[in-house]
Amino acid sequence: MNVIREAKREMARVISQAINVEEEKVFNNIEYPSKEGLGDLSLPLPSVTRNLNIDVSGRGKYVKSFRRDGIFINVELDEVSVFNDVFSSLSEDYGLEKVDKPKRIVVEHTSANPIHPLHIGHLRNAILGDTLVRLLRARGHLVNSRFYVNDSGRQVAILIYGLSKLNYPEPPAGVKKDEWLGLIYAMTNVILEIRQITQELKNASESEYKEKISKRDELVAVAQGLRERNEEYFDVLSDGIMKEEDPEKVILDIIERYERGDERTKQIVRKYVNYALEGFMESLGKLGISFDVFDYESDLLWNGDVRKVLEETMDSRARVNYKGTWALDLENFIDEAVKEELRIPKGLELPPLVLMRSDGTTLYTLRDVAYTFKKFSDFKADVVINVIAEQQAVPQMQLRATLYLLGYPEHAKNLLHYSYGMVSLQGMRMSGRLGRYISFDEVYEKVKEVVEAKVREKKGNLEELDEIVNSAIRYAIVSVSANKPVTFNVNKITNLEENSGPYLQYTYARAYNILAKVTDHLDVSNIDPLELVGEKRKILIMIARFPEVFAKAADDMSPEVLTVFLRQFSDLFNAWYDKERVLQEKDEKKRITRIFLVKGVEAVLRNGLKSLGIKPLTKM
RNA sequence: GGACCCGUAGCUCAGCUAGGACAGAGCGGAGGCCUUCGGAGCCUUAGGUCGCGGGUUCGAGUCCCGCCGGGUCCGCCA
């Protein structure tokens with residue numbers, strides 16, 4: 001039951017008849033007054049008519065009164081009707097309104113390269129992605145979450161090359177596998193880069209020389225830092241790589257063997273890639289994040305999917321010769337109207353999609369086309385959402401344009417890029433390549449430390465410690481709009497005061513514990529209508545609004561909408577909580593009225609928090 | 001050079017998609033509240049040319065244009 005919607009309908013019906021404007025138009029322009037004392041619902045008249053000289057009167061089931069106030073028609077709701085209808089139908093899943101026509105939706109998120117541990121950029125990706133999954137599921141959609149394993153690129157090959165120099169060691173017991181791999185990868189890469197730049201120095205011109213020297217010094221400093229973390233590995237790697245005649249050739253050979261599907265290479269690569277994934281899952285598991293499916297990029301190569309797409313593109317009328325290889329000319333074969341339809345800026349000159357390297361091997365974006373087909377077909381998806389950083393905006397547009405050109409306009413339209421802004425680190429860019437990052441695990445442990453100290457100080461319940469840490473981290477991420485660039489700051493996450501996940505959990509616990517002690521028989525007809533004033537009345541209206549807010553947050557894919565609402569709602573409840581007693585109230589009708597409101601608060605917070613992936617705590 | 005994202009209180013951010021009533025929170029600052037169902041709380045208070053300049057409109061933080069800052073992308077990398 002969505003009481004607010006019914007009330008808005010009633011209001012719109014009366015006004016539309018009075019001023020002769022379509023009901024739908026009136027309905028869509030109804031808003032909530034921005035300040036107190038103006039009623040519960042409001043219509044700015046100029047938004048629907050030029051005739052401002054009108055008055056509306058009367059009342060209905062929900063509408064108690066209409067009042068003309070400047071350019072507005074303000075409506076006061078009948079709190080008793082609202083109360084009755086909200087609480088006589090208050091179910092377990094109150095507010096989690098389901099869509100009429102559920103869609104099948106694939107959400108791909110996180111998809112970190114399996115060569116180093118997850119860092120705070122992935123943290124944002126994973127939390128946004130997982131929150132979308134939960135919100136859309138709560139809304140009634142069928143959602144399939146996927147992780148794309150980029151296992152066939154150069155980066156994995158570098159890692160495997162390093163491992164080969166170490167004679168394919170096993171991760172030591174007690175060490176997190178992704179972290180262990182990340183160190184080996186960074187060492188290998190840095191040593192390769194130093195070797196490379198040292199070579200370049202030999203034929204460098206005077207002007208380049210200085211720049212290259214300083215770049216090399218920088219790399220050497222990074223290398224020293226890495227060496228301190230494991231001297232034995234570093235020295236063996238350094239020795240092996242420096243002695244290698246042509247490391248580049250060996251790395252290309254690894255790529256070639258893996259892409260071809262050479263059995264021994266497959267075994268080795270998959271083993272270590274899966275170690276990295278194990279590490280990812282261990283980290284993400286702490287926040288309750290998991291995936292339905294892992295898709296390996298290499299599978300698309302081995303099973304012929306990529307080849308099929310390549311053949312299709314080679315048949316395309318948009319195929320052109322580009323710098324000596326083949327590409328799709330997206331710019332000249334996609335007109336303005338289609339660009340707009342595919343959410344591509346008019347002024348952007350879309351770069352051609354290069355189909356293959358001169359040696360015939362394929363490139364990431366083309367493989368991504370194949371992967372997109374797989375996501376649509378495997379799950380019979382209506383919509384595919386890619387949660388990817390904003391840096392990938394252009395490749396994502398190329399992807400949509402390519403799908404369109406290949407004759408799949410529906411796929412192109414239903415492929416959404418859920419973009420998020422960069423996460424930087426106090427002015428410094430993170431770099432997995434150089435082993436410079438704050439890992440997901442470090443963040444988690446740091447937050448856990450602070451939360452634990454706080455719980456001990458409060459003599460609180462340590463059993464749910466992980467759930468408090470989870471809510472602190474999720475809230476900090478999800479309460480900022482996705483497209484904002486953010487600078488990472490642990491202090492912000494460890495502030496557990498009013499604007500925080502733990503604050504919401506705490507508020508929930510208060511409401512829950514009142515209800516746990518209730519002995520009254522609750523009957524909506526046994527209440528005191530005069531109680532529905534002040535904060536209690538406002539709480540009631542917000543409870544009634546919750547289904548609408550939830551639906552908007554899910555439909556717009558804007559979890560921050562729900563977050564803000566839950567916080568304001570908690571503020572309101574806490575303000576009231578401090579002023580009046582519930583259980584100690586002597587008058588039975590007053591007491592029962594208040595208990596109902598607390599029940600509403602409990603339901604709204606419980607369902608709101610759950611759909612954000614935060615556990616409502618009964619004690620903390 | 002072109003394209004995209006961001007710019008709101010000392011700091012961190014809501015509000016901008018679909019314009020509407022004196023611009024809202026938290027942190028930090030100042031001052032209060034434990035005979036109280038959980039003080040991770042409550043109540044006061046100070047703090048703002050909504051980056052700047054035009055335009056559209058009865059009305060602009062919100063829409064349009066032009067600037068200025070910060071970031072990102074423009075590879076036969078992923």
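Sequence lines set the chain letters: A, B, ... in the order given, protein chains first and strands last, and positions in each chain run from 1.
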Residue met sooner reading RNA chain B from 5', once A/N499 and A/R367 are mapped to nucleotides |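 So the residue in question is A/N499.
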
When you match A/R581 and A/V48 each to their closest nucleotide on RNA chain B, which lands nearer the 5' end?
->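 Comparing both residues, the 5'-ward one is A/V48.
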
For [N] and [M], measure between their [atom1] atoms and round to the nearest Å.
| N | M | atom1 | result |
| --- | --- | --- | --- |
| B/C63 | B/A14 | P | 15 Å |
| B/A30 | B/A46 | C1' | 7 Å |
| B/U56 | B/G75 | P | 41 Å |
| B/C77 | B/A18 | C1' | 41 Å |
| B/C16 | B/G1 | P | 33 Å |
| B/G61 | B/G41 | P | 33 Å |
| B/G59 | B/C22 | P | 14 Å |
| B/U12 | B/C74 | C1' | 32 Å |

Do [X] and [N] share a donor-acceptor pair, side chain to base, under 3.5 Å?
| X | N | answer |
| --- | --- | --- |
| A/K484 | B/U12 | no |
| A/N513 | B/G38 | yes |
| A/S34 | B/A23 | no |

Salt-bridge test for A/E497 and A/K454: reply yes if a basic N is under 4.0 Å from a carboxylate O, no otherwise.
->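 Yes.
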
Answer yes if the side chains of A/Y161 and A/N189 hold a donor-acceptor pair under 3.5 Å, and no otherwise.
->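 Side chains of A/Y161 and A/N189: no pair found under 3.5 Å.
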
Taking atom types as modelled, find out whether A/Q505 and A/S471 have a side-chain donor-acceptor pair closer than 3.5 angstrom.
->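 A pair is found: one side chain offers a donor N or O, the other an acceptor, under 3.5 Å apart.
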
Base, sugar-phosphate alone, or nothing: which one does A/S47 contact when heavy atoms must sit under 4.0 Å apart?
->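 Result for A/S47 = base.
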
Heavy atoms under 4.0 Å, any strand shown: does A/N113 hit a base, just sugar-phosphate, or nothing?
->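 Sugar-phosphate, backbone atoms only, no base.
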
Of the nucleotides [options], which has the atom closest to the [X] side chain?
| X | options | value |
| --- | --- | --- |
| A/S481 | B/U72, B/A18, B/A14 | B/A14 |
| A/A575 | B/C42, B/G38, B/C27 | B/C42 |
| A/Y503 | B/C76, B/C42, B/A21 | B/C42 |
| A/Q584 | B/C37, B/A14, B/A21 | B/C37 |

Hey, does the Lys NZ or Arg CZ of A/R545 hover above the aromatic six-ring of A/Y32, less than 6.0 Å from the centre and inside 45° of the axis?
->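 Yes, a cation-pi geometry.
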
Any idea which heavy atoms bring A/P117 and A/Y437 closest together, and the distance?
->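 Smallest heavy-atom distance, with atoms named: CD-OH, 3.3 Å.
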
Any side-chain N or O of A/N483 less than 4.0 Å from the OP1 or OP2 oxygen of B/C5?
->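 No, because none of the side-chain N or O atoms of A/N483 sits under 4.0 Å from OP1 or OP2 of B/C5.
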
Given B/C77, is OP1 or OP2 found less than 4.0 Å from the side-chain N or O atoms of A/R357?
->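 Yes, because at least one side-chain N or O of A/R357 sits under 4.0 Å from OP1 or OP2 of B/C77.
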
Within 6.0 angstrom of A/Y512 OH, more than 12 heavy atoms from elsewhere |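 No, not enclosed.
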
Stacked pair A/Y506-B/G38, distance under 5.5 Å, angle under 30° =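 Answer is no, no stack.
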
